[in-house]
Amino acid sequence: MPKTFISIVLFFTLFITTNAFAGVVIIVNKNNPIINISSSELKHMYTGELKLWDNGKKISPVVLKDSNPTAIKFVSSILGIDMETWRRYWAQKLFSGTATPPHQEKDESSLVSYVSSESGAIGYVMKESTNNSVKVISVDGKSEF
Amino acid sequence: MKRFFGVFLMMLCTIVLYSGSAIAISMDEFKLNGFFDLEYEESYQDDSSIGDRKGAFDQYHFNILMEFPLSDNVTVKGHIEYEHSPKIEGGGGKGEINLEWAYLEYIINNDIGIRGGSFLTPFGIYNEIHDATPTYASVRTPWGIYRADKVGGFVMIPKFSTGISMLGKYYTDGDLNLNYVVYISNGENTDSNEAEADDNSNKAIGGRLMISPIPGLTVGGSYFTGKKGTTKDNHSTWAGSAEYTIRNIGLRAEYASSKLADTTQNGSYGEVSYRVLRRITPYLRYGMFDPDDEGDKDEWSELVYGINYELQPNFIIKIENRHFNGNTNNAKVSDDYNELGAAVAVAF
């Protein structure tokens with residue numbers, strides 16, 4: 001198989017892979033001083049392991065409905081699991097009394113509103129859904145993923 | 001030990017009183033969740049009289065969880081269970097109402113938290129979720145460990161504990177995660193309500209450690225020790241567990257050993273499940289139980305196989321066949337028989 005052909009296939013594979021999750025940003029309340037977190041911290045916030053910000057405020061992760069494409073992308077890319085596993089994980093956490101599942105919003109605009117009004121909130125939306133009422137933070141130095 | 005317990009309780013109260021002076025809690029912060037299930041079971045082995053040959057529906061659980069945050073790091077949590085649709089009027093012991101848990105949780109920092117009150121005893125994989133049927137594939141928990149009293153033994157651990165527990169965690173930026181919980185409680189009573197009094201001066205202690213060295217794998221160990229009720233018999237139990245999830249395959253295994261006075265019993269099981277078409281999960285479990293390691297022909301075993309179907313998010317249908325095999329000297333199941341079990345379970 002010619003090397004050129006393999007190179008073209010690899011290039012398009014890389015392009016498709018990168019683009020599949022492009023455009024999702026992490027937002028926090030404007031008053032939150034944080035500007036960057038690690039992907040590990042983000043994961044632990046959404047699995048209920050990390051409960052307080054450095055300033056002692058409660059971390060309030062917020063999610064979109066399970067069927068939302070942005071939610072599916074977020075759960076698979078950040079947590080590395082599918083939505084069914086995510087649901088079962090949280091059911092076990094909730095019903096064992098270990099942690100309370102993230103607050104859920106019906107769409108991206110209401111999620112942005114929630115984050116803008118909750119001082120400890122953190123959420124994910126497509127880049128085009130953000131506005132000046134919230135702050136976009138980077139994850140491992142990257143502003144979108 | 002008593003002094004330590006008293007000081008600990010005082011510290012907890014001081015911390016909570018200091019943390020806030022809330023008179024009323026905003027209902028915006030109040031959270032309500034729960035689960036419901038309806039079961040059907042019928043034994044159908046022609047040559048055995050054990051089990052329910054008539055078949056019956058069982059409105060098993062209607063459970064309500066409540067959460068009242070007092071501040072960013074102080075929360076009161078409650079969980080009320082209505083089991084078998086209890087009928088208060090007329091009494092007669094029909095059904096049960098249980099306060100599964102009611103505790104105050106204080107999160108000191110991201111690594112340590114303290115709970116005071118009644119809680120489900122942290123033990124193994126299933127005890128804290130034993131009633132929450134939407135959270136596991138099968139209709140029932142593995143009885144060889146979690147309902148040993150139903151298969152010829154004694155309860156391995158008290159389902160509920162009242163006292164104080166400390167929860168901690170450690171994680172790295174890599175894959176390693178570690179969770180632990182240790183507790184001190186009234187332990188097991190024979191006469192009084194464990195949530196109100198202690199039948200003896202001994203306090204039970206226990207704990208659980210769970211480690212996830214790589215994604216998908218969790219191994220853990222649990223321990224409980226105390227004196228039981230007014231007889232003050234020594235009771236100690238330990239368990240080891242392993243869970244591994246890789247893609248759609250789930251593997252789970254546990255072993256527990258419990259000694260009460262002079263009797264030692266052992267239980268174990270292995271489970272495998274495989275999720276297909278996203279929401280259909282066939283599963284298989286084999287469990288064993290030996291109610292007395294010095295007894296003869298008293299062992300019990302189960303082979304359970306079934307299908308779990310998530311019809312829509314948080315709405316689950318289950319159907320399984322259980323083959324129980326009890327040896328002739330087993331006090332509860334001295335024969336082998338089959339049983340059909342089915343359930344609809346909803347989490348909300």
Side-chain angles (χ1 to χ4, degrees), chain A residues 32 37-60 63-68 71-72 75-76 78-104 114 117-121 139-140, chain B residues 29 31 33-35 63 65 67 69 71-73 75 77-79 100-101 103 105 107-111 113 115 119-120 122 125-137 167 169-175 177 179 181 215-216 245 247-248 250 275 278-279 281 310 313-314 316 345 347:
Chain A
N32 192 328
I37 58 174
S38 70
S39 53
S40 172
E41 287 172 321
L42 182 60
K43 182 177 176 177
H44 285 102
M45 287 175 186
Y46 273 90
T47 52
E49 303 287 342
L50 203 54
K51 296 182 177 180
L52 301 172
W53 292 103
D54 288 344
N55 61 9
K57 274 274 173 198
K58 182 182 173 184
I59 298 171
S60 303
V63 296
L64 292 164
K65 282 188 168 180
D66 291 359
S67 56
N68 187 295
I72 295 167
V75 168
S76 63
I78 290 294
L79 306 177
I81 54 176
D82 58 35
M83 198 50 91
E84 285 74 26
T85 308
W86 159 262
R87 237 188 340 262
R88 191 154 287 190
Y89 169 85
W90 269 112
Q92 286 197 6
K93 283 274 187 184
L94 171 67
F95 296 129
S96 64
T98 313
T100 308
H103 175 81
Q104 190 179 71
Y114 179 84
S117 62
E118 281 289 323
S119 59
V139 178
D140 292 334
Chain B
E29 297 292 321
K31 291 187 175 70
N33 291 96
F35 55 90
N63 288 40
L65 283 75
E67 189 174 317
S71 66
D72 282 342
N73 54 0
T75 308
K77 294 183 180 182
H79 177 175
E100 296 268 299
W101 70 61
Y103 58 78
E105 182 178 78
I107 300 167
I108 297 170
N109 56 42
N110 277 316
D111 299 325
R115 286 179 181 174
F119 45 86
L120 287 160
I125 294 172
Y126 279 100
N127 191 57
E128 287 174 296
I129 53 167
H130 71 266
D131 284 317
T133 54
T135 62
Y136 48 86
L167 302 89
K169 64 177 76 74
Y170 171 79
Y171 65 87
T172 63
D173 277 345
D175 295 324
N177 279 285
N179 282 277
V181 53
T245 306
R247 296 192 180 89
N248 295 342
R275 186 151 50 87
R278 293 179 62 211
R279 290 180 177 174
T281 310
E310 193 178 25
N314 300 314
I316 296 152

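The chains referred to below are lettered A, B, ... by the order of the sequence lines, with proteins before strands, and numbering in each begins at 1. FYI, side chains are in, hydrogens and waters are out, and symmetry mates aren't considered; it's all heavy atoms of this structure.
With a threshold of 4.5 angstrom between heavy atoms, B/Tyr103 approaches chain A through side-chain atoms but not through N, CA, C or O. For chain A, no part of B/Thr75 is nearby; none of its heavy atoms comes within less than 4.5 Å. Heavy atoms of B/Ile125 lying under 4.5 Å from chain A are absent altogether. Of the two parts of B/Asn63, neither the backbone nor the side chain holds a non-hydrogen atom closer than 4.5 Å to a non-hydrogen atom of chain A. Interface remark: B/Asn177 contributes side-chain atoms only to the contact with chain A (heavy atom separation under 4.5 Å). Contacts between B/Leu65 and chain A at a heavy-atom distance below 4.5 Å involve the side chain alone, from C-beta outward.
Once rounded to the nearest 0.5 Å, the distance linking CG of B/Asn248 with OG1 of A/Thr85 reads 7.5 Å.
Screening residues 44-58 of chain A for salt bridge (charged side-chain N to carboxylate O under 4.0 Å, His left out) gives A/Glu49-A/Lys93, A/Lys57-B/Asp72 as the qualifying pairs, with residues at least two apart or on separate chains.
The choice from B/Leu167, B/Asn127, B/Asn314 that makes the most heavy-atom pairs within less than 4.5 Å of chain A is B/Asn314. In terms of heavy-atom pairs under 4.5 angstrom with chain A, the leader among B/Gly34, B/Pro313, B/Pro134, B/Gly113 is B/Pro313. Residue with the most contacts toward chain A among B/Arg279, B/His79, B/Arg247: B/Arg279 (heavy-atom pairs, distance under 4.5 Å). No other option in B/Glu105, B/Lys77, B/Glu67 has as many heavy-atom pairs under 4.5 Å with chain A as B/Glu67.
Shortest non-hydrogen contact noted between B/Arg115 and A/Thr98 is NH2-CA, 3.8 Å. Closest approach of B/Thr135 and A/Phe95 over heavy atoms only: CG2-CD1, 3.7 Å.
Relative ring orientation between B/Tyr171 and A/His44 is described as parallel, the plane-to-plane angle staying below 30° on a 0-90° scale split at 30° and 60°.
Applying the salt bridge (charged side-chain N to carboxylate O under 4.0 Å, His left out) criterion to A/Lys43, with sequence neighbours excluded, gives no partner residue.
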Item to check | Residues A/Arg87, B/Glu310; criterion salt bridge (Lys or Arg N to Asp or Glu O under 4.0 Å); working and verdict | outcome: CA-CA 11 Å; A/Arg87 237 188 340 262; B/Glu310 193 178 25; 3.1 Å; yes

